[in-house]
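Below: the structure, in C-alpha cells.
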Amino acid sequence: MRQSFFALAALAFLLGACAQQPQTSTAPPKPTTTGPAVGSPVTPSGKTRIALLLPLTGRAAPIGQSMQQAAEMALFDTGAKELALAAYDSGESADTAMEAYRKARTDGVALVLGPLFGQSAAGLAPLVDQGGANVISFSNDESVARRGVWIMGIAAPPQVRRVVDYSVDNGIRRFAAFAPQTSYGEQMVRTLESQATLRGARVVGTELYDPNSLDLTAAARRLAGTLQGDDGKLAVLVPVAPPRLSSALAALAAAGIDTKSIQLIGTGVWDVAGIGNESLLRGAWYAAPDPAARADFERKFLATYGRPPNRLSTLAYDAVALAGHLARLKPGGDFSAEAITNPAGWSGIDGIFRFLPDGKSERALAVIEVQAGRNNVVSPAPGQFAPRPTN
C-alpha cells in the first residue's frame with residue numbers, strides 16, 4: 001500500500017550563498033508540501049471511477065466475494081456504461097479499510113462504496129474530512145453515520161419501530177422483550193421502550209439474558225414473572241438470530257409463555273431462508289424489505305454464479321445502481337452530499353431508501369408474518385417517503 005495521501009511536508013533544502021556575495025532583498029521561496037498524487041476520478045476513456053471496498057480475504061471473504069459479484073451484476077443489469085468499478089480488499093479492520101481507501105484515492109475515485117463493517121467505516125471519516133471522496137458504507141451501525149460517511153445497511157432500530165407501529169395499529173398495547181445482554185440487544189430494548197411510549201403503549205417487562213449461557217430457562221422465568229396479572233394482548237420482542245433463536249423460543253415456552261397466545265415480534269435477523277421451519281415462530285411478525293423483488297435477484301444470481309447470494313449482496317447491487325444514477329445527473333456526474341441526500345430517495349432491490357444529512361439512512365420496510373412455507377407480507381412497504389421536516 002502506498003503512503004497516506006495527506007499532504008506531507010517537503011524537506012527544506014537551504015540554498016546557502018557564499019559569504020562574499022552581496023545580500024539581496026528578494027524573499028526566499030515559500031516551502032511547499034507534497035504527497036502521493038491523487039489520481040483522476042475519470043478514466044482515459046471518460047468513465048467515472050467507483051471504488052468498492054469489501055472484505056475479500058479473511059473470515060468474511062465469502063460475504064465480500066458475493067457482494068462483489070452482485071456489484072458486477074448491477075453494472076450489466078443497469079447499463080451503467082459511465083462507471084469503471086474497481087474492488088479493493090478492506091479486510092476486517094479499520095486499518096486495512098483505511099489503506100484500501102488511500103489506495104483507491106491514489107488510483108483515482110469519485111465515490112467509495114463500502115466498507116462492510118461499522119468500525120471500518122468510522123475509520124474512514126478523518127480521511128473524508130481531509131478532502132477525500134464521499135463514502136456510502138454497507139454497515140448498518142447508526143453510531144458511525146455522519147455526513148460524508150453514509151450507512152446503507154438496514155439498521156435495526158427502524159425495524160423495531162415499524163413492527164411496534166404495526167402491532168399498535170392492530171390493537172396491541174402491551175409489550176415485553178427477551179433479548180441478549182449485548183449492545184445490540186440493549187439497543188433493541190431501548191428502541192422498543194421509546195416507540196411504545198410514543199404510541200401510547202406500555203412495556204410491561206424486559207429480560208436481558210447472558211448471551212454466553214447455555215440454558216435460558218431461568219431468564220425466561222424471570223420475564224414470565226413480570227407478566228402475571230395483566231390484561232390485554234401482549235407482544236414480545238425477541239431480537240435473536242438463528243440458531244440461538246431456537247433456544248430462546250424453547251426457554252419462553254418452558255417458562256409458561258405460550259407463544260401461540262402472545263404475538264412474537266422481531267427484527268431483520270429473522271429475514272433468512274428457512275425461518276418458517278421454526279414451528280414456535282409461525283405467526284410472528286418482523287420488519288424487513290419486501291422479499292418479492294429480492295426473489296428475482298436471487299434467482300438471477302444463482303443462474304449467473306451457480307450459488308445463492310449472501311443476504312447482504314443486494315446492498316452492493318443497489319449501491320452500484322445508485323452510483324450509476326449519480327453519474328448521469330450531469331456531465332462528469334454529481335457525487336456531492338447534496339446529490340446523495342436527495343429527499344426523494346432512491347429505488348433498489350430492497351425497496352426505496354434515502355440518505356439523511358447526518359449520515360443515517362431511511363428505508364421503507366414491510367411487515368412480514370412467518371409461515372411454514374413462504375412468509376406472508378401483512379403490511380406492504382410504503383411506495384414513497386413522507387417529506388422531510390424542514391427544521
Side-chain angles (χ1 to χ4, degrees), residues 142 154-182 184-209 216 219-241 245 248-271 275-276 278-290 362-371 375-382 386 389:
E142 291 187 330
I154 304 170
Q159 299 165 16
V160 174
R161 289 190 284 268
R162 175 74 166 98
V163 77
V164 167
D165 285 347
Y166 181 75
S167 300
V168 171
D169 291 343
N170 282 271
I172 297 176
R173 294 292 184 275
R174 299 171 60 236
F175 292 87
F178 190 60
Q181 192 166 18
T182 61
Y184 175 82
E186 292 168 355
Q187 183 186 39
M188 297 306 94
V189 170
R190 289 194 302 270
T191 305
L192 171 68
E193 292 171 339
S194 62
Q195 191 65 16
T197 300
L198 182 66
R199 293 301 308 273
R202 295 183 299 139
V203 175
V204 296
T206 63
E207 181 65 32
L208 292 167
Y209 62 78
L216 305 182
R221 286 176 179 160
R222 288 194 296 270
L223 177 63
T226 66
L227 305 179
Q228 300 298 323
D230 214 338
D231 297 324
K233 181 75 172 180
L234 174 70
V236 179
L237 175 68
V238 187
V240 183
L245 177 60
L249 295 176
L252 291 174
I257 299 176
D258 183 2
T259 58
K260 299 302 180 184
S261 63
I262 65 171
Q263 180 62 55
L264 290 174
I265 58 175
T267 65
V269 296
W270 294 358
D271 192 28
I275 194 66
E278 189 66 64
S279 61
L280 293 176
L281 200 63
R282 291 170 192 167
W285 299 332
Y286 67 94
D290 191 320
E362 183 179 358
R363 286 184 175 272
L365 301 175
V367 177
I368 301 167
E369 185 175 80
V370 177
Q371 298 290 350
N375 292 343
N376 182 40
V377 174
V378 293
S379 179

| Going from CG on Asp258 to CG on Leu280, what distance comes out if it is rounded to the nearest 0.5 angstrom? | 9.5 Å
| From Ile172 atom CD1 to Arg199 atom CZ, the distance as rounded to the nearest 0.5 Å | 12.0 Å
| query | Under a 4.5 Å cut-off applied to non-hydrogen side-chain atoms, are Leu252 and Leu223 in contact? | reply | yes
| Just wondering, do Ile265 and Val236 contact through their side chains at under 4.5 Å, heavy atoms? | no
| said: Give me the atom names and distance for the closest heavy-atom approach of Ala255 to Ala224. | reply: O-CB, 3.6 Å
| request: Taking the side chain as every heavy atom from C-beta outward, state whether Thr191 and Arg161 have any atom pair closer than 4.5 Å. | output: yes
| request: Determine whether the side chains of Arg162 and Ser379 contain a donor N or O and an acceptor N or O closer than 3.5 Å. | output: yes
| field | Heavy-atom closest pair, residues Val203 and Ala196 | value | CG2-CB, 3.9 Å
| field | Flag for Glu369-Asn375: side-chain donor and acceptor within less than 3.5 Å | value | no
| said: Test your reading of the model: is there a side-chain donor-acceptor pair from Arg173 to the backbone of Val168, 3.5 Å cut-off? | reply: yes
| message | On a heavy-atom basis, which atom in Ala251 and which in Ala220 lie closest, and how many Å separate them? | response | O-CB, 3.3 Å
| message | In the structure I gave you, are the side-chain heavy atoms of Trp270 and Leu281 within less than 4.5 Å of one another anywhere? | response | yes
| Gap separating the CD1 atom of Ile368 from the CD1 atom of Ile275, nearest 0.5 angstrom | 11.5 Å
| said: Does any part of the side chain of Phe175, heavy atoms only, come nearer than 4.5 Å to the side chain of Val204, both counted from C-beta? | reply: no
| message | Donor-acceptor check, side chain of Arg282 to backbone of Gly276, threshold 3.5 angstrom: yes or no? | response | yes
| task | Mark yes or no for whether Glu207, through its side chain, and Pro180, through its backbone, hold a donor-acceptor pair below 3.5 Å. | result | no
| Tell me, do Arg222 and Thr226 make a side-chain contact under 4.5 Å, heavy atoms counted? | no
| message | With a 4.5 Å cut-off on side-chain heavy atoms, are Gln181 and Glu186 touching? | response | yes
| With distance as the sole test, does Gln159 use its side chain to make a donor-acceptor pair with the main-chain N or O of Ile154 at under 3.5 Å? | yes
| query | Looking only at heavy atoms, what is the nearest atom pair of Arg174 and Leu227, with distance? | reply | NH2-O, 3.9 Å
| remark: CD of Glu193 to OG1 of Thr197, rounded to nearest 0.5 Å, is 7.5 Å
| said: Quick check for you: to the nearest 0.5 Å, what is the distance between Glu278 atom CD and Leu245 atom CG? | reply: 5.0 Å
| request: May I ask you to test the Leu216-Phe178 pair for a side-chain heavy-atom distance under 4.5 Å? | output: yes
| note | The reported gap from CD1 in Ile257 to CG in Leu234 (rounded to nearest 0.5 angstrom) is 8.0 Å
| remark: Heavy-atom closest pair (Glu142 atom, Pro157 atom, distance to 0.1 Å) is OE1-CG, 3.8 Å
| query | If you look at every heavy atom in Val269 and Pro239, which pair is closest and at what distance? | reply | CG2-C, 4.2 Å
